[in-house]
Structure formats: C-alpha cells, structure tokens
Amino acid sequence: MPGVDAYLDHAMAIPGAIGAGIVDYGTGTPLGTTGGTPEDDRALAAGAARVMAAVTRGGPFSSATPDDDLEDLIITSQSGYHLIRRIPTEFDARLVLYLWLDRERGNLAVARRSLQELGGHLVGA
Amino acid sequence: MTATSPAEPHRVLAALADTRASGALHIGSDPPGVLHLVGGAVTHASSPLAPGVGELLTIGGRLSGEVWRLAVDAGTPEHRVGPLLVEQGHLTRGELELCVLGVIYDATYFVLVPRAVPVRFEPDRPHWLGAVAAVPVPALVGETARRRRALTEILDRPEVDSTPVVPVPRLRRDRIRLSGLQWELIVHADGQRTPTGLARRLGRASYACLQETRRLAAEGLVRMPPANRVGAGAGYALPAAAAGLPSAGRREAHTVEVPAQRGARLSPAPGAGPAVGRHVAEAAPAGPPRAEAPTGAGPAAPTQTGASAGAAGPAAGTPSADGVPGSPRAGAPPGGDAAAGPGRSPGGSGLPRRQPAPRPPGDAAPPVAPPDEALLLRLRSALWGMA
C-alpha cells in the first residue's frame with residue numbers, strides 16, 4: 001500500500017520511464033511529480049488537464065456506449081510515449097497518472113499493464 | 001499565540017515558510033479559515049466554504065460515517081486520525097494522501113484571500129488528522145493564484161460564486177451537453193445553495209463546483225446574478241451563511257423555493273400559450289434584481305410571497321406546489337393558474353384563455369415586488385433553528 005511518492009517511484013521503475021506525475025485534471029493541479037517532465041510540473045498538469053478536457057468534454061470517444069468510460073490516453077511522439085491514465089477514486093477527485101516513456105527503451109503494452117496494477121495498489125481498487 | 005494586525009495572508013504565510021514554522025495560521029473571520037504548517041510547509045487547510053477530508057470520504061461513500069467518527073474519536077488526542085485509518089485498513093496511504101492534498105488546495109483557495117484580513121498564528125498547534133501530506137508554500141500560493149485566474153478566464157463574474165445556483169427554467173436550445181459534476185449541481189440546485197454550499201452537500205471539491213457553475217453561467221444554463229451586487233469583488237468570501245447551511249435545513253428551504261420554480265416551468269407547458277412562455281424567457285435576463293426572477297412569471301408569484309410571509313397568504317402557495325408535472329392532479333387546470341383564477345372554468349377544450357385580468361381580491365400577493373431579502377434570510381434562520 002504505497003503512498004504517492006512510493007507509487008511514483010514504482011512508476012519510474014517501469015522500463016523506459018523518463019518521468020511520472022499525478023495530476024488533478026479537473027483543476028490542472030500537479031499533486032506530485034518525479035523524474036523528467038516535458039517542461040515543468042505546472043505545464044505538465046495544465047497540459048494533462050487540457051487534453052483530458054478535450055476528450056471528456058468535447059468528443060464522443062470517452063463513452064461510446066452507456067457503461068463505457070475513459071481509461072487512458074496515449075500520445076505518441078517520434079521519441080516517446082506520453083501515457084495519461086485515469087486513477088479512479090471513491091472520493092471526489094479527478095486524477096490521472098502521467099508517465100513519459102522513452103520510445104526506444106520502453107514497451108507500451110508492458111507499461112500500461114504495470115500502471116493498471118499500480119493504480120489498484122494506490123487507491124485500493 | 002501571536003496576534004497580527006490585518007495583513008495579506010500570503011505574505012504572512014511566506015514569512016512562516018521562511019522560518020520553517022509549525023502551527024496553525026488563522027486567517028480572516030468572515031468566514032474564518034485555518035492553514036496548518038509543519039516545518040514551513042502546509043499540511044492541512046480548512047474553510048467553511050470547502051468540504052473537509054471527512055465529508056469527502058463519507059459523502060463520497062469511501063468510508064461509513066461510523067468508521068470516520070470512531071477514527072476521529074480515537075485518533076484526535078494524539079493527532080493521528082489519518083494514520084489510524086490507514087493502519088486499520090480502511091484507507092490506503094495513497095488515498096489518504098491524495099484526498100488531503102486535494103483538500104489543501106481546495107480550502108486554501110478560499111482561505112488565501114487577496115486582501116488584508118486579520119491574521120493570527122498559533123505556534124505548535126498540530127491538526128488532529130496528522131500531517132499526512134505537505135505542500136510547499138510557494139507551490140500553494142502560485143497554484144491558488146493560477147486557480148483565481150482560471151476562473152476569470154472561464155467567466156469574469158465573481159458574483160456567480162457567492163449567489164445561489166438557479167437553473168434557467170427554459171432553454172432556447174434543442175440540446176445541451178453537461179459534465180457529470182454540472183449535472184449534479186443542476187439536479188441539487190434548490191434556489192438557496194451557492195456553489196460552495198452545493199459542494200459541501202455533494203462532497204465535491206468546492207473549487208471544482210465554482211468552475212462548473214461559472215461554465216454553466218457562461219453557457220446560459222444557470223441564472224446570471226446582477227453584476228453589481230454588494231461585495232461582488234469579494235466573490236467567494238461572501239456566502240458564509242448560505243454555504244454553512246446544514247443539510248437538516250434543506251427540506252424547509254426546498255418548500256420555500258421550489259414551487260416557484262416548478263410553477264414557472266409548468267405554467268407555459270400545458271397550453272397556457274406562447275404569451276406566458278415568452279414572459280418567462282424574458283423575465284430571466286431582465287427580471288427583478290435578485291435570483292428569483294421566475295417569480296415574474298405570474299402564477300408562481302403568490303407561492304413565493306405567500307410562503308415567505310409566513311401565514312399571511314393563506315394557502316395561496318399550496319395548489320401550485322401540488323401541480324407538479326405528472327402528479328395525480330394532471331386533469332386540473334394547468335399549474336398555478338388554478339391559484340390565480342379560482343373563479344374561471346377550465347373550459348370545454350381544456351384551454352383556459354390567459355387573461356391579464358386583475359387578481360381576485362382574495363389573492364393578497366402584491367404586484368411582484370422584489371423579494372425582501374432580509375425577510376427571506378430571517379425565515380431561513382428560523383427554519384434552520386427548527387430543524
């Protein structure tokens with residue numbers, strides 16, 4: 001049952017991880033970051049919030065069927081992957097985990113599976 | 001205990017961070033807020049305008065009220081309610097930390113007001129929850145300022161934050177799109193609660209409710225308060241009374257307000273004709289100074305004033321309160337018209353003609369005077385006292 005720091009350390013142990021953070025995407029607030037971020041942690045949080053808003057407020061993709069809901073977003077650049085994964089909580093919080101993955105060293109499928117397991121440990125799901 | 005004359009709270013906070021102080025910083029009195037520091041970082045924040053850790057965890061359904069109360073009783077003397085919940089397996093460490101972090105940012109928004117207020121520091125006063133998370137002061141101050149700007153970018157109308165949320169009764173659109181939180185705000189809006197009052201009732205972060213309410217106002221889905229209301233500049237600092245309403249007082253508040261809304265929504269629908277419909281729509285933006293604009297829609301008026309004035313208007317309000325769409329009274333003449341024109345027959349076609357006739361003498365309602373705000377407030381406190 002790790003706390004936030006331990007959780008981020010685990011995320012950084014995923015092969016190819018460059019940086020990780022937890023962001024409140026409802027408000028765009030960084031709640032914890034570690035390793036590298038594309039700019040700084042505030043820019044990271046603001047960017048994650050905007051991307052999440054674009055997907056959840058605007059488009060039809062996040063809930064294509066009635067019981068559907070958004071799980072993660074993957075942004076692929078030429079040098080890396082940016083994973084934004086929702087952390088479901090049973091209290092009011094709109095949280096995502098951000099993971100920056102090196103494209104050469106990282107494996108997207110492995111990273112997603114690891115994050116899924118980690119998220120369960122973090123909030124007891 | 002160190003007393004300070006009025007000061008801008010963020011300056012005092014920065015000074016405390018520089019000296020790595022530990023203790024409680026009491027800020028302002030209307031409403032009062034507290035920041036707890038350990039080693040110069042903020043470990044807890046509380047404001048009557050934002051739900052606390054206990055409210056978030058219990059209203060959200062994560063913990064039962066009993067578990068929370070037992071933990072508070074057992075953990076308060078040693079200031080370790082939070083760690084106790086983790087040790088006993090009720091919460092994971094991560095959940096507790098994330099919840100507390102959220103509360104720190106949320107409450108601080110309301111505590112760190114951008115003006116000089118009375119500030120008092122109480123050294124070595126730990127919080128009963130325990131220090132489970134810490135936010136460095138520069139990050140907290142910067143984030144609070146950013147949040148303030150972000151609200152302005154959505155809609156530069158601070159008075160929306162401190163005014164009861166009133167959904168507009170009629171839309172000139174076929175389709176709208178709401179976020180989950182916007183839906184909750186609309187559904188629970190009772191014409192009395194401000195965005196922060198709704199946040200505490202729903203167990204939702206208060207700042208998030210401010211954001212969503214401003215978005216709703218910007219989209220014309222909730223009523224826009226008049227721009228130059230008293231204290232508009234103070235914004236979030238105003239609604240101490242409204243926000244603090246305990247849920248016990250809710251039902252009474254409902255009966256005062258809801259019939260007016262329902263009546264307004266109802267009356268145009270079953271054939272009262274376009275005249276009434278237009279009346280409602282126009283009353284909304286232009287209407288009387290306060291939030292109760294739908295009162296202007298005629299039939300609903302007696303309900304409002306009758307209820308507010310206590311027993312003065314005997315039973316004037318009741319009929320339309322029953323006239324909810326789909327109620328057993330569906331066959332009766334439409335909604336509030338029953339109250340407004342008791343002598344009129346519904347007519348064979350079921351389409352009573354709307355006449356701008358003078359009200360029957362028995363109907364004591366004054367011609368849509370602006371609601372007496374002081375009276376409404378007194379009435380609410382009285383009802384509150386009864387609950």
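The basis for the numbers below is simple: all heavy atoms, side chains too, and nothing from hydrogens, waters or symmetry mates. All figures in this text were calculated on a predicted structure; none of them were measured in a lab.
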> Does a sphere of radius 6.0 Å around CD in B/Glu78 hold more than 12 heavy atoms from other residues, nucleotides or ligands, not counting ones at 6.0 Å or beyond?
Replying inline: no
>> Using a 6.0 Å cut-off, check whether atom CZ of B/Arg20 has over 12 heavy atoms from anything other than its own residue.
In response: no
Determine whether a donor-acceptor pair (N or O, by modelled atom type, separation under 3.5 Å) exists between the side chain of [X] and the backbone of [Y].
| X | Y | result |
| --- | --- | --- |
| B/Arg146 | A/Gly28 | yes |
| B/Glu97 | A/Val4 | yes |
| A/Asp92 | B/Leu56 | no |

> Any idea which heavy atoms bring A/Arg42 and B/Pro138 closest together, and the distance?
Replying inline: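 Here A/Arg42 and B/Pro138 meet closest at NH2-O, 4.3 Å.
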Return the option, out of [options], with the maximum number of heavy-atom pairs under 4.5 Å with chain A.
| options | result |
| --- | --- |
| B/Ala205, B/Gly102, B/Gly180 | B/Ala205 |
| B/Ala133, B/Gly203, B/Cys99 | B/Cys99 |
| B/Ala208, B/Pro51, B/Ser179, B/Gly142 | B/Gly142 |

>> Please determine whether side-chain contact (heavy atoms from CB on, under 4.5 Å) holds for the pair A/Thr27 and B/Tyr105, giving the CA-CA distance in whole Å, both sets of side-chain angles, and the decisive distance to 0.1 Å.
In response: CA-CA 10 Å; A/Thr27 57; B/Tyr105 282 109; over 6 Å; no
>> Need one label for B/Arg204: side chain, backbone, both or neither, based on atoms under 4.5 Å from any heavy atom in chain A.
In response: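 Contact with chain A: backbone and side chain both.
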> Side chain, backbone, both or neither: which part of B/Leu181 has a heavy atom under 4.5 Å from chain A?
Replying inline: side chain
>> Can you tell me which portion of A/Ile87 sits under 4.5 Å from chain B's heavy atoms? Options are side chain, backbone, both or neither.
In response: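 A/Ile87 has no heavy atom closer than 4.5 Å to chain B.
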> Non-hydrogen atoms of chain B under 4.5 Å away: do they reach the side chain of A/Thr29, the backbone, both or neither?
Replying inline: both
> How many angstroms lie between atom CG of B/Leu98 and atom CG of A/Leu95, to the nearest 0.5 angstrom?
Replying inline: 5.5 Å
